[in-house]
Amino acid sequence: MAEIAGITIRALAEKYGTPLTVYDEGKIRSILSSYRDHFTSEEFETGVLYASKAFSCKAIVKLIQEYGMYLDVVSGGEIYTAVQAGYDMSKAFFHGNNKTPAEIEYALENRVGTFVVDNVQEAELLQEFTKDCGYQVHTLLRVNPGVEAHTHHYIVTAHVDSKFGISFVNEDEIVQAVNLLKNSPNIVFDGFHAHIGSQIFDRNAFGEEIRKLFEFAVILKEKYGTEISTLNLGGGFAARYTDADAPIPTDEVCRFILETCQNEKQRTGVNITRILIEPGRSIVAEAGCTVYTAGFTKKTPNKTYVFVDGGMSDNIRPALYQAEYDAFIDGKETEPAETEYTVAGKCCESGDILIQAIRLPEVKRGDRIVMKTTGAYGYSMASHYNKLPLPAVVFVNEGTDRLVIQRETYEHMTALEE
């Protein structure tokens with residue numbers, strides 16, 4: 001029987017039921033330590049932000065605070081979660097391309113430290129809302145450097161037509177937003193934020209991003225007389241989903257980013273003093289797995305299906321952008337994998353396929369199928385399609401398990417209905 005941090009999958013499934021999302025807390029802690037220890041520099045002040053959209057709950061926010069990290073929040077709900085977890089909101093960065101007035105007001109009420117401003121309209125709105133906010137609000141302007149990382153087109157975020165940020169081709173618009181932020185009494189303009197995509201395996205993509213940001217900082221200084229202190233390079237650090245994936249090791253990517261920034265600072269002469277990054281997926285993805293119970297099987301002329309008791313309702317990524325996963329059958333790890341299965345969910349949707357093709361030992365009804373690397377964008381993108389309750393989430397650490405999110409009940413799902 002397979003174990004997670006000293007507890008068998010069988011014991012966890014019997015205690016909490018399935019579908020069940022399980023995190024190895026020790027793995028999360030190890031990765032947090034790695035970022036904290038390796039993203040340091042004698043040249044720059046450095047900071048690591050956890051991108052909470054990857055997985056947000058009070059338990060993970062408390063871990064982030066314990067390790068002294070900043071927090072990336074993108075909605076009123078993520079702000080509320082951080083507040084409820086007791087997070088120091090002065091270390092929170094509020095992202096989003098369409099922050100509502102209510103969310104801006106709520107963020108200011110809770111004294112969120114930094115706003116990542118996405119466009120001129122937001123800069124104007126923030127200028128109005130901060131007139132009487134009672135503290136100095138730090139800001140970064142999200143810009144689009146035009147670097148396209150090699151990833152799925154749904155998760156590339158820096159091409160010229162992206163919905164995020166202001167493109168470098170719109171220099172006048174960037175300057176307009178910068179001036180709005182600079183000339184507001186309760187706003188401090190620190191610099192730029194950029195994010196070039198997700199699941200990035202090529203470190204040179206980060207190198208090109210850094211080069212373009214430093215060069216634009218030169219333009220801003222020499223042409224418009226504005227100097228910046230901070231660059232937030234975003235995230236996109238990859239995780240290993242299958243054997244075909246080769247993520248850049250944490251220590252290597254941190255070293256590369258900081259060395260490139262130091263070289264660009266020397267080359268351009270701009271006085272950047274702080275460098276930030278925003279890992280999310282790479283912190284939680286591989287630490288998480290989802291345990292399903294196998295139900296019926298079905299043979300067609302070209303496929304052998306095994307159906308599980310979850311699906312696109314708890315992991316939309318395969319249907320949304322053809323994400324690939326690996327899996328195994330608990331207790332049958334050493335048996336020969338002689339049959340190619342399509343692992344499908346129980347939702348009323350032909351696209352509800354979790355794994356298109358995987359070789360497994362013979363699957364029988366009641367087997368526990370464990371899908372690996374589901375710790376990022378599984379639970380956080382889950383839905384109530386077909387009125388399926390959201391799964392429970394458990395953290396396991398050194399032989400101890402704890403429930404961090406209860407399994408939804410039918411009563412939970414209908415509590416707001418009349």
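What you see is a predicted model; the values in this text were computed from it and never measured.
- Residues Leu403 and Tyr16 form a side-chain contact, since some pair of their non-hydrogen atoms from C-beta on lies under 4.5 Å apart.
- At least one donor-acceptor pair under 3.5 Å links the side chain of Glu286 to the backbone N or O of Arg240.
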* Asked: Are Phe237 and Ile277 close enough, and set up right, to give a side chain to side chain contact (heavy atoms under 4.5 Å, CB included), and what steps lead you there?
  -> CA-CA 10 Å; Phe237 309 105; Ile277 56 172; 4.1 Å; yes

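- Counting only N and O atoms by type, the side chains of Glu78 and Ser52 include a donor and acceptor under 3.5 Å apart.
- In this structure, the side chains of Val291 and Leu12 stay at 4.5 Å or more apart for every pair of heavy atoms.
- In this structure the side chain of Ile28 reaches within 4.5 angstrom of the side chain of Ile283, judged on heavy atoms.
- Summarising the local packing, OH of Tyr224 is surrounded by more than 12 heavy atoms from other residues, nucleotides or ligands at distances under 6.0 Å.
- Counting only N and O atoms by type, the side chains of Tyr292 and Asp314 include a donor and acceptor under 3.5 Å apart.
- The CD1 atom of Ile272 lies 11.0 Å from the CD atom of Glu43; values are rounded to the nearest 0.5 Å.
- A donor atom on one side chain and an acceptor atom on the other are found under 3.5 Å apart for His95 and Glu278.
- Interatomic distance, Thr21 OG1 to Ile405 CD1, rounded to the nearest 0.5 Å: 8.0 Å.
- With Asp352 contributing its side chain and Met312 its backbone, the two residues share a donor-acceptor pair below 3.5 Å.
- With hydrogens and angles ignored, the 3.5 Å screen pairs no side-chain donor or acceptor of Thr40 with any backbone N or O of Arg36.
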* I would like to know whether Val143 and Leu213 meet side chain to side chain contact (heavy atoms under 4.5 Å, CB included); could you show each step before the answer? => CA-CA 9 Å; Val143 294; Leu213 286 168; 3.7 Å; yes

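- For the 3.5 Å distance criterion, the side chains of Asp251 and His38 fail to qualify, holding no donor opposite an acceptor.
- Under a cut-off of 6.0 angstrom, the local environment of NZ in Lys91 is crowded, with over 12 non-hydrogen atoms contributed by other residues, nucleotides or ligands.
- The number of heavy-atom neighbours closer than 6.0 Å to CD of Glu418, taken from other residues, nucleotides and ligands shown, is 12 or below.
- Using a 4.5 Å heavy-atom cutoff, the side chains of Phe93 and Leu276 are in contact.
- Within 6.0 Å of the CG atom in Asn183, the count of heavy atoms belonging to other residues, nucleotides or ligands exceeds 12.
- For Arg407 against Ala392, the heavy-atom pair with the smallest separation is N-CB, 3.7 Å.
- The closest donor-acceptor contact from the side chain of Thr8 to the backbone of Glu3 lies at 3.5 Å or more, if one exists at all.
- Using a 30° and 60° split on the angle between ring planes, His193 and His195 fall in the parallel class, below 30°.
- Smallest separation of non-hydrogen atoms from Phe328 and Ala2: CE1-CB, 3.8 Å.
- A side-chain donor from one of Thr409 and Glu411 sits under 3.5 Å from a side-chain acceptor of the other.
- Within the 3.5 Å criterion, the main-chain N or O of Val112 finds no donor-acceptor partner in the side chain of Asn110.
- Here the CG atom belonging to Asp326 is positioned 7.0 Å from the OG1 atom belonging to Thr242, to the nearest 0.5 angstrom.
- Taking the ring centre of Phe168 as origin, the terminal cationic atom of Lys212 falls outside the region bounded by 6.0 Å and 45° from the ring axis.
- Enclosure of atom CD in Glu324 is not indicated, since only 12 or fewer non-hydrogen atoms of other residues, nucleotides or ligands lie within 6.0 angstrom.
- Taking every heavy atom of both residues into account, Leu388 and Lys346 meet most closely at CD2-CE, 3.8 Å.
- Of all the heavy atoms in Met89 and Ala82, the pair that sits closest is SD-CB, 3.7 Å.
- Here the options are Met69, Glu25, Lys58, the test is side chain to side chain contact (heavy atoms under 4.5 Å, CB included), and the partner is Leu63; only Glu25 passes.
- A heavy-atom distance below 4.5 Å is not found between the side chains of Tyr70 and Asp72.
- Distance check: Ile257 CD1 to Ile210 CD1 gives 5.5 Å after rounding to the nearest 0.5 Å.
- Remark: the backbone N or O of Arg29 is paired with a side-chain donor or acceptor of Ser33 at under 3.5 angstrom.
- When only modelled atom types and interatomic distance are considered, Thr18 and Thr293 share a side-chain donor-acceptor pair under 3.5 Å.
- Between Arg368 atom CZ and Lys332 atom NZ the span is 10.0 Å, to the nearest 0.5 Å.
- For Asn186 (side chain) and Thr130 (main-chain N/O), a donor-acceptor pair under 3.5 Å exists by modelled atom type.
- Ala327 and Ile355 get closest at one heavy-atom pair: CB-CD1, 3.7 Å.
- Gln65 contributes a side-chain N or O that, together with a main-chain N or O of Gly86, makes up a donor-acceptor pair within less than 3.5 Å.
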- Is there a side chain to side chain contact (heavy atoms under 4.5 Å, CB included) between Arg274 and Asp190 once you walk through the steps? CA-CA 9 Å; Arg274 184 168 67 150; Asp190 292 324; 3.8 Å; yes

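- The neighbour count for Glu398 CD, taken as heavy atoms of other residues, nucleotides or ligands under 6.0 Å away, does not exceed 12.
- Ring pair Phe192/Phe216: centre-to-centre distance below 6.0 Å.
- Taking a cutoff of 4.0 Å between a charged side-chain nitrogen and a carboxylate oxygen, Arg203 and Glu259 do not qualify as a salt bridge.
- Side-chain contact annotation: Tyr35 with Ser282, donor-acceptor N/O pair under 3.5 Å present.
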Test Phe206 against Leu233 for side chain to side chain contact (heavy atoms under 4.5 Å, CB included), laying out the working first.
CA-CA 8 Å; Phe206 295 114; Leu233 304 174; 5.8 Å; no

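- Side-chain atoms of Lys265 never come within 3.5 Å of backbone atoms of Phe214 as a donor-acceptor pair (strictly under, hydrogens ignored).
- Look at Glu252 and Arg255 and you find no salt bridge, because none of the NZ, NE, NH1 or NH2 atoms lies under 4.0 Å from a carboxylate O.
- We find that Lys99 and Glu122 are joined by a salt bridge, their nearest charged nitrogen and carboxylate oxygen being less than 4.0 Å apart.
- In this structure, Asn315 and Thr374 have side chains that are in contact, with non-hydrogen atoms separated by less than 4.5 Å.
- Under the 30°/60° scheme for interplanar angles, the aromatic rings of Phe55 and Phe395 are found to be tilted.
- Here the closest heavy-atom approach between residue Thr260 and residue Phe256 is recorded as OG1-O, 2.7 Å.
- The neighbour count for Glu173 CD, taken as heavy atoms of other residues, nucleotides or ligands under 6.0 Å away, is above 12.
- Between the side chain of Asn179 and the backbone N or O of Gln176, no donor-acceptor pair lies under 3.5 Å.
- To the nearest 0.5 angstrom, Tyr80 atom OH is 15.0 Å from Glu103 atom CD.
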